[in-house]
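Here is the structure we will look at.
Below, chains carry the letters A, B, ... as their sequence lines are ordered, and counting in each starts from 1.
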Amino acid sequence: MTVKADYARNFVWAGELTSSELERAAAGIVERNYAKGSYICHRDDKFDYWTGVVSGLIKLSTIGLTGKATTYAGVGRGGWFGEGSVLKGEARKYDIVALRDTRLAMMNRATFVWLHENSIGFNHYLLRQLNERLGQFIAMVEHDRILDAKARVARNLSWLFNPVLYPGTAQTIEITQDELALLAGVSRAVTNRSLQELQAEGLIVVEQGAVSVRDIATLTRYGD
DNA sequence: TCATTAAATTGTT
DNA sequence: AACAATTTAATGA
């Protein structure tokens with residue numbers, strides 16, 4: 001199979017590009033593997049790539065002066081991030097950490113800017129992504145102070161299921177409770193209990209090494 | 001294909 | 001953090 005077809009199958013935005021645009025995009029992408037637990041980029045690093053998750057799982061987070069970690073978002077297979085930093089040419093404002101062995105696709109800045117300036121389909125995707133992410137951040141700011149552990153778990157789960165950002169994602173995502181605990185910033189025990197309660201409420205179905213979502217809408221607004 | 005073992009994950013304290 | 005129970009993966013007969 002060609003690299004082009006590979007991207008078209010795995011990445012939503014690739015499906016919105018013309019054939020020649022996709023060819024140009026593929027030429028500007030390199031892939032790289034990261035081991036579980038390793039840092040892909042530290043805060044304030046210059047990391048001039050628009051980055052997608054080919055396989056694995058990562059989180060975007062910062063560690064405050066008190067040592068408490070705040071996760072901004074988890075990104076699973078098919079998710080892309082960093083458009084803000086690339087567009088503005090800024091250093092990253094967060095750490096990027098691989099929660100499990102992860103393969104990333106990294107598009108260089110020149111290619112990203114070219115797509116932004118030339119591809120209508122690409123901009124449609126970008127706009128959707130920015131809008132959706134804005135909604136997530138607003139919800140996070142709005143509720144951060146009162147979110148209990150269960151709501152944090154629910155919210156982090158909903159990120160990974162977002163049907164707008166990851167339309168290809170099935171109803172089931174492969175994530176262990178251990179990984180979800182790292183994302184939500186709570187203990188594994190609390191994650192386990194939260195998942196059982198969410199399951200009892202009919203929002204999800206807990207499986208071995210995976211979670212199925214039955215009610216994404218309620219899950220996203222959990223804690224409201 | 002089945003049985004055994006190792007490793008991973010879950011549920012509980 | 002530690003422990004037991006359960007599930008999955010890997011191996012080889």
Side-chain angles (χ1 to χ4, degrees), chain A residues 1 6 9-10 31-42 51-79 81 94-105 136 140 143-163 165-166 168-224:
Chain A
M1 94 192 78
D6 202 29
R9 195 177 65 251
N10 289 311
E31 298 192 7
R32 189 171 164 189
N33 292 310
Y34 292 88
K36 174 182 181 179
S38 64
Y39 276 76
I40 290 139
C41 140
H42 289 84
T51 310
V53 178
V54 178
S55 65
L57 180 68
I58 62 152
K59 72 171 178 179
L60 315 180
S61 62
T62 58
I63 299 177
L65 296 177
T66 61
K68 291 176 184 172
T70 301
T71 297
Y72 293 136
V75 184
R77 179 197 314 258
F81 61 92
Y94 44 79
D95 299 318
I96 307 173
V97 186
L99 293 184
R100 72 170 83 128
D101 288 349
T102 297
R103 183 169 182 80
L104 295 183
Q136 287 182 354
M140 178 161 58
H143 299 294
D144 198 41
R145 295 174 191 172
I146 60 172
L147 276 185
D148 60 10
K150 184 162 65 160
R152 290 164 66 99
V153 170
R155 191 183 64 194
N156 277 278
L157 254 187
S158 75
W159 287 346
L160 299 174
F161 269 103
N162 189 309
L165 297 184
Y166 320 125
T169 307
Q171 324 154 38
T172 301
I173 188 176
E174 289 186 6
I175 183 173
T176 64
Q177 298 180 6
D178 196 28
E179 293 166 336
L180 190 52
L182 287 173
L183 264 187
V186 300
S187 73
R188 194 174 62 75
V190 168
T191 300
N192 178 267
R193 208 177 313 141
S194 298
L195 286 175
Q196 291 184 41
E197 291 177 17
L198 291 171
Q199 178 173 234
E201 294 170 26
L203 302 182
I204 62 175
V205 176
V206 179
E207 301 168 36
Q208 182 80 7
V211 177
S212 292
V213 166
R214 292 189 50 195
D215 187 346
I216 180 66
T218 303
L219 202 62
T220 303
R221 296 181 191 132
Y222 207 90
D224 277 10

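Nearer to the 5' terminus of DNA chain B, by closest-nucleotide assignment, is the contact made by A:Glu207 (compared with the other of A:Arg193 and A:Glu207).
Rounded to whole Å, atom P of B:dT10 lies 9 Å from atom CD of A:Glu179. The distance from atom CD of A:Gln208 to atom P of B:dA7 is 17 Å, rounded to the nearest whole Å. Whole-Å rounding puts the A:Leu198 CG to B:dG11 P distance at 13 Å. Separating the CD1 atom of A:Ile173 from the P atom of B:dT9 is a distance of 14 Å, rounded to the nearest angstrom.
Within 6.0 Å of the CD atom in A:Gln199, the count of heavy atoms belonging to other residues, nucleotides or ligands exceeds 12.
Under the side-chain hydrogen bond (donor to acceptor under 3.5 Å, both in side chains) rule, A:Tyr222 has a single partner from A:Glu201, A:Arg152, A:Arg155, which is A:Glu201.
Side chain of A:Thr191 to backbone of A:Ala189: no donor-acceptor contact under 3.5 angstrom is found. Without hydrogens or angle criteria, A:Arg188 side chain to A:Ala181 main chain gives no donor-acceptor distance under 3.5 Å.
Of all heavy-atom pairs between A:Leu183 and A:Thr71, the closest is O-OG1, 3.0 Å.
Using a 4.0 Å cut-off, no side-chain N or O of A:Gln177 falls inside it from OP1 or OP2 of B:dA8. OP1 and OP2 of B:dT10 both lie 4.0 Å or more from every side-chain N or O belonging to A:Asn192.
As judged by a 4.0 angstrom heavy-atom cut-off over every strand, A:Arg188 is placed among the base-contacting residues.
Where DNA chain C meets chain A (any atom under 4.0 Å from a heavy atom), the bounding nucleotides read 5' to 3' are C:dA2 to C:dT8.
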